[in-house]
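Below you'll find the structure, written out as structure tokens, and then a few comments.
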Amino acid sequence: MKKIQYIILAMMTIMMASCMDGGYGDNEATPETAFGNNSITESNVVTIAQLCAMDNYKFVMTQYRDLKEVTDDIQLKVRVTGNDQGGNIYNKVSLQDENGDAILVCVYAGGMHSYLPVGQEILINLKGLYVGTYGYQKQIGVPYTTASGNTYPGRMPNFLWQEHFKLVPTTIPDKAIEPVELTPDMVKKKDWSLAGKLVKLTGVSFTEADGSTVWAPSGGNVAEEEANTDFSVERHIKGFNSYCYINTSTSAKFANEIIPYGQHDVTAVLIRYNDYYQLSLRTLDDIK
């Protein structure tokens with residue numbers, strides 16, 4: 001009788017251990033299961049151009065600073081071109097669709113590069129989010145109102161973002177997110193077709209490259225005329241006018257690296273602010 005009791009006890013122990021394991025050994029977490037909303041199904045996908053042409057949103061997409069809630073059941077399918085890996089693109093991810101058109105998504109969160117690496121494709125459910133512009137730059141977010149009463153699409157809480165996107169397999173071709181050449185003539189003519197896109201400058205040198213000046217010193221160690229805000233610094237490019245510059249956050253991982261001398265090929269995310277071309281390096285690997 002005791003043998004039978006021992007056998008039953010042993011079997012119960014094995015069953016309990018199996019239940020406590022929860023099957024994790026067989027089903028390890030992946031980015032696809034750990035991030036985003038896997039219940040989103042693809043439907044009513046529009047391009048960025050189509051979104052901007054829709055009657056409900058076309059007005060706010062052309063303003064200096066404006067926004068509107070998306071009330072339609074529509075989605076965007078886009079690929080990541082820029083993230084916060086280098087600490088320079090702050091609380092934003094830059095995205096391009098199959099046509100190469102671009103938009104930014106604003107999220108109050110760090111470490112997004114861990115699950116949104118460059119090239120990752122995502123499906124965004126826009127209903128309930130806000131679209132519009134900040135300094136004419138197209139963005140997705142939630143309402144943010146400044147002290148002066150101006151409102152634009154600002155950073156959404158991370159939990160809201162996680163409800164509105166899904167990581168999906170790549171269908172958009174690589175050519176749609178390849179850097180587009182930016183030239184001094186395009187800046188002079190104020191060509192804004194590249195706003196939000198990944199761009200490339202070929203064989204350029206930096207005005208402030210003197211062997212000691214760094215990208216974005218903090219603590220007030222920068223001339224007033226070089227500072228864009230208290231949190232970022234302008235560095236200029238020879239051959240380009242003052243409306244186009246490298247904009248570096250004082251919190252970037254490479255902020256205190258010396259600006260390299262000589263000619264380089266530069267890749268950056270072009271973020272429009274009013275009539276300015278603010279070029280944001282993702283990491284120092286963007287300079288070759």
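Hydrogens, waters and symmetry mates play no part in the numbers below; they use all other heavy atoms, side chains included. When a residue number appears, it is its place in the shown sequence, counting from 1.
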Just wondering, do [Y] and [X] contact through their side chains at under 4.5 Å, heavy atoms?
X	Y	value
K77	E98	no
L284	W215	yes
Y90	R155	yes
I140	V70	no
V266	V204	yes
L198	I177	no

Listed by chain and number, what are the ring-ring contact (aromatic ring centres under 6.0 Å, His included) partners of Y261, not counting sequence neighbours?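 Here no residue qualifies.
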Suppose the criterion is salt bridge (charged side-chain N to carboxylate O under 4.0 Å, His left out): which pairs have a residue in [range], not counting sequence neighbours?
range	value
residues 194-207	none
residues 173-183	R79-D174
residues 112-135	D73-K127
residues 53-63	D55-K58

Looking only at heavy atoms, which two atoms of [X] and [Y] are closest? And how far apart?
X	Y	answer
I172	V78	CD1-CA, 3.8 Å
G141	P153	N-CB, 4.0 Å
L51	M61	CD2-CE, 3.9 Å
I237	L279	CD1-CD1, 3.8 Å
A216	S249	CB-O, 3.6 Å
A49	D97	N-OD2, 4.4 Å

Which residues satisfy the side chain to side chain donor-acceptor pair (under 3.5 Å) test with Y57, sequence neighbours excluded?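 Partners of Y57 by the side chain to side chain donor-acceptor pair (under 3.5 Å) criterion, ordered by chain and then number, come out as D72.
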Output, in order, the C-alpha distance, side-chain angles, deciding distance and verdict of salt bridge (charged side-chain N to carboxylate O under 4.0 Å, His left out) for K288 and D285. CA-CA 7 Å; K288 306 293 186 184; D285 290 338; 5.1 Å; no
So V187 and N241, side-chain contact (heavy atoms from CB on, under 4.5 Å) or not? Walk me through it. CA-CA 8 Å; V187 175; N241 65 34; 3.4 Å; yes
Kindly list each side-chain donor-acceptor pair under 3.5 angstrom involving residues 103-117, sequence neighbours excluded, with atom names and distances?
| from | atom 1 | to | atom 2 | distance (Å) |
| --- | --- | --- | --- | --- |
| H113 | ND1 | D84 | OD1 | 2.9 |
| S114 | OG | G111 | O | 2.7 |
| Y115 | OH | W161 | NE1 | 3.4 |
| Y115 | OH | Q162 | NE2 | 3.2 |

[X]: partners by side chain to side chain contact (heavy atoms under 4.5 Å, CB included), with sequence neighbours left out:
X	result
I258	V214
D210	S212, T213
D286	T267, L281, R282

Can L129 and L160 be said to form a side-chain contact (heavy atoms from CB on, under 4.5 Å), step by step? CA-CA 9 Å; L129 299 179; L160 183 63; 4.0 Å; yes
Hey, could you give me each pair passing side chain to side chain donor-acceptor pair (under 3.5 Å) that has a residue in residues 133-145? Not counting sequence neighbours.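 Pairs touching residues 133-145 that pass the test: T145-T151.
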Could you state whether V93 and V142 fall into the same hydrophobic cluster, counting links through intermediate Ile, Leu, Val, Met, Phe, Trp or Tyr residues with side-chain heavy atoms under 4.5 angstrom apart?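 Yes; tracing contacts between hydrophobic side chains, which count when under 4.5 Å, links both residues.
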Please answer: with hydrophobic residues joined when any side-chain heavy atoms are less than 4.5 Å apart, are M156 and I124 in the same cluster?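 Yes, M156 connects to I124 through the hydrophobic network.
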Parallel, tilted or perpendicular for F206 and H264, by the 30°/60° rule?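 Parallel.
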Steps toward side-chain contact (heavy atoms from CB on, under 4.5 Å) verdict (Y245, F240): CA-CA 8 Å; Y245 52 84; F240 285 77; over 6 Å; no
Can you spot which of I259, I246, V233 makes a side-chain contact (heavy atoms from CB on, under 4.5 Å) with E208?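 Checked I259, I246, V233 against E208; only one passes side-chain contact (heavy atoms from CB on, under 4.5 Å): I259.
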Say whether D185 and T183, considering side chains only, have a donor N or O and an acceptor N or O under 3.5 Å apart.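 Per modelled atom types, D185 and T183 side chains form no pair under 3.5 Å.
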Does the side chain of T41 pick up a donor-acceptor pair with the side chain of S43 at under 3.5 Å?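 Note: T41 and S43 side chains miss the donor-acceptor criterion.
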Pairwise ring pair (Phe, Tyr, Trp, His ring centres under 6.0 Å) hits with a residue in residues 177-202, at least two apart: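 Every pair satisfying ring pair (Phe, Tyr, Trp, His ring centres under 6.0 Å) with a residue in residues 177-202: W192-Y277.
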Are N38 and K166 close enough, and set up right, to give a side-chain contact (heavy atoms from CB on, under 4.5 Å), and what steps lead you there? CA-CA 6 Å; N38 283 307; K166 180 181 181 179; 4.0 Å; yes
